Amino acid sequence: MMSSNLEAASSERLKKLFSKASNSKLTGVGIGALGTAAIQSSGATTVMTIGFVNAGIISLSQAATIIYGANIGTTITAQIVALGMFGGNSLSTSVIFSAFAGLGAFLSIFAKKSGPRTLGGILAGFGLLFVGLELMSSSMDAFAALEGVKTFLAGIGNPILLVLLGAVFTAIIQSSSVMTSIALAMVVTGLIGIDQGIYLTMGSNIGSCVVAVIAGVTSGTNAKRTALIHLLFNCTGVILFMLAALVLGWFDISFGNLFEKLFPSAPQVQLAMFHTFFNTVTVAMMLPLTDALVGLVTQMIPERSAERNTEFSLHYADENMLRTPPVAVSQVKREILRMADIALKNVDRALHMAVKLDFSGRESFERDERELNYINRELVSYVVRLNGRSGLSEKDKNYLSGTYRNIRDLERVGDYAENIVEYATALAGSSQQFSDDAKYEISQLKTLLHQLYGYAMDAYQNESRASLDKANAVEQEIDDYTRRMEDGHIARMEKGICTPSVGAQYLELSSNAERIADHLINIAKSIKSL
């Protein structure tokens, strides 16, 4: 509850954060850490990163550093849980935070606006987290008193076995944060020792990779490589720390001894701080080796000759993005902008064929028309699935409700371009062509369409009201210009410059161009609902 509402509350910031991915390794680590801390889910960050790699938006090196950062960001959860385990005779912090649950539930149910409702969800989730911790800890007190339980757990002292147990349990529940929280509760109640908790926590880092592996298996080659980077990174960190523990053991020292001295009488802080220390040190060691790690996974998973069996695919709206709806929304917008670019290229090709009767670009035109139809079908299906996800802000929901029409508008632009190609084909078949005046008017119309496209897409992409006003002005100019084209055509027919058959094709072309402008302005006007 807390994580999904945090995603909704930070959706705009999250989109901007991940758009700043650069070749700087430290920037990548920062993005991963901040993103994960914001949404309290390293799994969501990792799957999101896999989606970006699969879409070709970021490189493998960038993905690796973001995953490094996610491992640091996820340690915030353990620190919060450790805080909630303080208490005693005085008022427990868990009691204070649990009071948030009531306030949050009240806001979630009765608030009319999405902002307060989202805040209520965050508070309720945060409060219930501590209610759960209190219940788990109190239950474990009685459990820990059982002699059989003590004997059994005392016998599990092998570090490798504890790491494996931590990995397996985390893989089953698919959350390292939950596994770490359980380990913290067990340490606090004396069910296990601090060293046992440390090894379980290290194992949870390996088990957390199952989320990335599942996402990578169903995706492209680079997505699989990203999942492998995550697995190798975490396994390397565990191996290095196990070797360090072995060396410390020769001097009768353990990680547990060290953290007990650093944070006496606070076992929950000892384990939480080790968790942060473990992930931070692992990142510091692996960061300089990022390029070597990327090279290794590239060799382990070579490029396939046929990455996809289908002719087309969505470039940005990746299935893995659905796990993080706010970011998936921004990817839908990128996909629509790509669709608009394809549609405009086909309009240009169609007008070129009509003016020059040069059909050399016909094959490219037909391919792009098939791709427009493909995007229309697949993107609508994607948006339907995205709309059903929780964690969307009110603004995102309003945006998605308008995307169906936007997608349809662009598909219709492609259809009208197809009509213009048919008029050009008919002209060529009759061995006729437009007059020089008509050709000039079409070239001017093309310039106006490009102006409208530029303003309309800027309005849509950046929610610019200024660009919308300019787009409206150009669209009105196109309406006026197409009327003048009709008047000019009639005048040429009266002078015998144009034949009726050629004129019919010209009027249809003018009408279709005016409808293309209508669909482009519709996309720009969709920002009014945001």
Side-chain angles (χ1 to χ4, degrees), residues 339-359 361-362 365-366 368-369 372-373 376 405-457 470-526:
M339 189 180 183
D341 182 62
I342 294 171
L344 182 69
K345 285 178 181 176
N346 261 9
V347 170
D348 286 345
R349 291 187 185 113
L351 293 174
H352 175 79
M353 291 182 211
V355 171
K356 301 294 185 181
L357 298 182
D358 172 15
F359 296 91
R362 183 87 179 240
F365 177 92
E366 290 174 351
D368 280 0
E369 173 59 22
L372 286 174
N373 292 332
N376 175 43
R405 184 175 179 181
N406 292 336
I407 295 167
R408 179 62 178 162
D409 279 322
L410 290 171
E411 196 269 337
R412 292 298 295 149
V413 168
D415 290 344
Y416 285 124
E418 204 170 18
N419 291 345
I420 294 172
V421 172
E422 290 176 6
Y423 307 147
T425 303
L427 273 179
S430 64
S431 300
Q432 300 182 83
Q433 60 179 326
F434 293 130
S435 66
D436 290 340
D437 287 341
K439 290 177 181 178
Y440 174 77
E441 289 171 355
I442 292 172
S443 69
Q444 293 300 104
L445 180 59
K446 179 181 175 181
T447 299
L448 288 172
L449 284 173
H450 271 261
Q451 287 179 8
L452 173 58
Y453 175 86
Y455 290 134
M457 290 306 111
K470 291 176 182 177
N472 278 320
V474 176
E475 195 270 335
Q476 182 59 54
E477 191 175 346
I478 289 173
D479 287 346
D480 296 340
Y481 192 78
T482 51
R483 281 193 289 271
R484 291 199 299 273
M485 287 174 70
E486 292 173 8
D487 294 340
H489 159 68
I490 292 170
R492 287 192 293 273
M493 282 187 60
E494 290 173 351
K495 294 177 182 178
I497 298 173
C498 288
T499 64
S501 60
V502 172
Q505 306 294 353
Y506 183 75
L507 290 177
E508 288 293 341
L509 183 151
S510 169
S511 175
N512 277 260
E514 192 271 332
R515 289 171 187 169
I516 287 171
D518 289 342
H519 287 293
L520 290 176
I521 200 66
N522 284 344
I523 296 169
K525 287 179 178 177
S526 67

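Along the sequence shown, residues carry numbers from 1. Given the structure is predicted, the values throughout are model-derived calculations rather than measurements.
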Gap separating the CE atom of M353 from the CZ atom of F359, nearest 0.5 angstrom: 7.0 Å
State, to 0.1 Å, how close G414 and E369 come at their nearest heavy-atom pair, and which atoms those are. O-OE1, 3.4 Å
Pair Y455-N472, side chain to side chain donor-acceptor pair (under 3.5 Å): steps then yes or no: CA-CA 9 Å; Y455 290 134; N472 278 320; over 6 Å; no
Minimal heavy-atom distance between N522 and N406, with the atoms involved, is O-OD1, 4.4 Å
Applying ring pair (Phe, Tyr, Trp, His ring centres under 6.0 Å), name anything that partners H519, two or more places apart in sequence or on another chain. Y416
Decide yes or no on side chain to side chain contact (heavy atoms under 4.5 Å, CB included) for Y453 and D341, but give the supporting numbers first. CA-CA 9 Å; Y453 175 86; D341 182 62; 3.8 Å; yes
Contacts of Q476 that satisfy side-chain hydrogen bond (donor to acceptor under 3.5 Å, both in side chains) - sequence neighbours left out: D480
Interatomic distance, N346 atom CG to E366 atom CD [nearest 0.5 angstrom]: 9.5 Å
Rounded to the nearest 0.5 Å, what separates atom CD1 in I407 from atom CG in N376? 7.0 Å
Residue pairs, two or more places apart or on separate chains, that pass salt bridge (charged side-chain N to carboxylate O under 4.0 Å, His left out) and touch residues 411-425: R408-E411, R412-D415
For D348, enumerate each residue passing the side-chain hydrogen bond (donor to acceptor under 3.5 Å, both in side chains) test, keeping only those at least two apart in sequence or located in another chain. H450
Could you tell me if the side chain of R349 sits less than 4.5 Å from the side chain of D368, heavy atoms only? yes
Side chain to side chain, V413 and V347, heavy atoms closer than 4.5 Å: yes
E477 versus L448: any side-chain heavy-atom pair under 4.5 Å? yes
Mind jotting down which residue pairs meet the salt bridge (charged side-chain N to carboxylate O under 4.0 Å, His left out) criterion with at least one end in residues 430-444? Sequence neighbours excluded, please. E441-R492
For F434, the ring pair (Phe, Tyr, Trp, His ring centres under 6.0 Å) test, sequence neighbours excluded, returns Y506
Between the CG atom in N419 and the CG atom in L509, the distance rounded to the nearest 0.5 Å is 10.0 Å
Pairing donors with acceptors under 3.5 angstrom, does anything connect the side chains of T425 and R362? yes
Would you check, one step at a time, whether the test side chain to side chain contact (heavy atoms under 4.5 Å, CB included) holds for I478 with Q451? CA-CA 10 Å; I478 289 173; Q451 287 179 8; over 6 Å; no
Out of curiosity, L445 CG to L351 CG, how far, rounded to the nearest 0.5 Å? 7.0 Å
Heavy-atom pair with the smallest gap, counting every atom of A350 and A417: CB-O, 3.4 Å
d(L452 CG, I523 CD1) to nearest 0.5 Å is 9.5 Å
What I'd like to find out is whether the side chain of V474 reaches to under 4.5 Å of the side chain of Y481, using heavy atoms alone. no
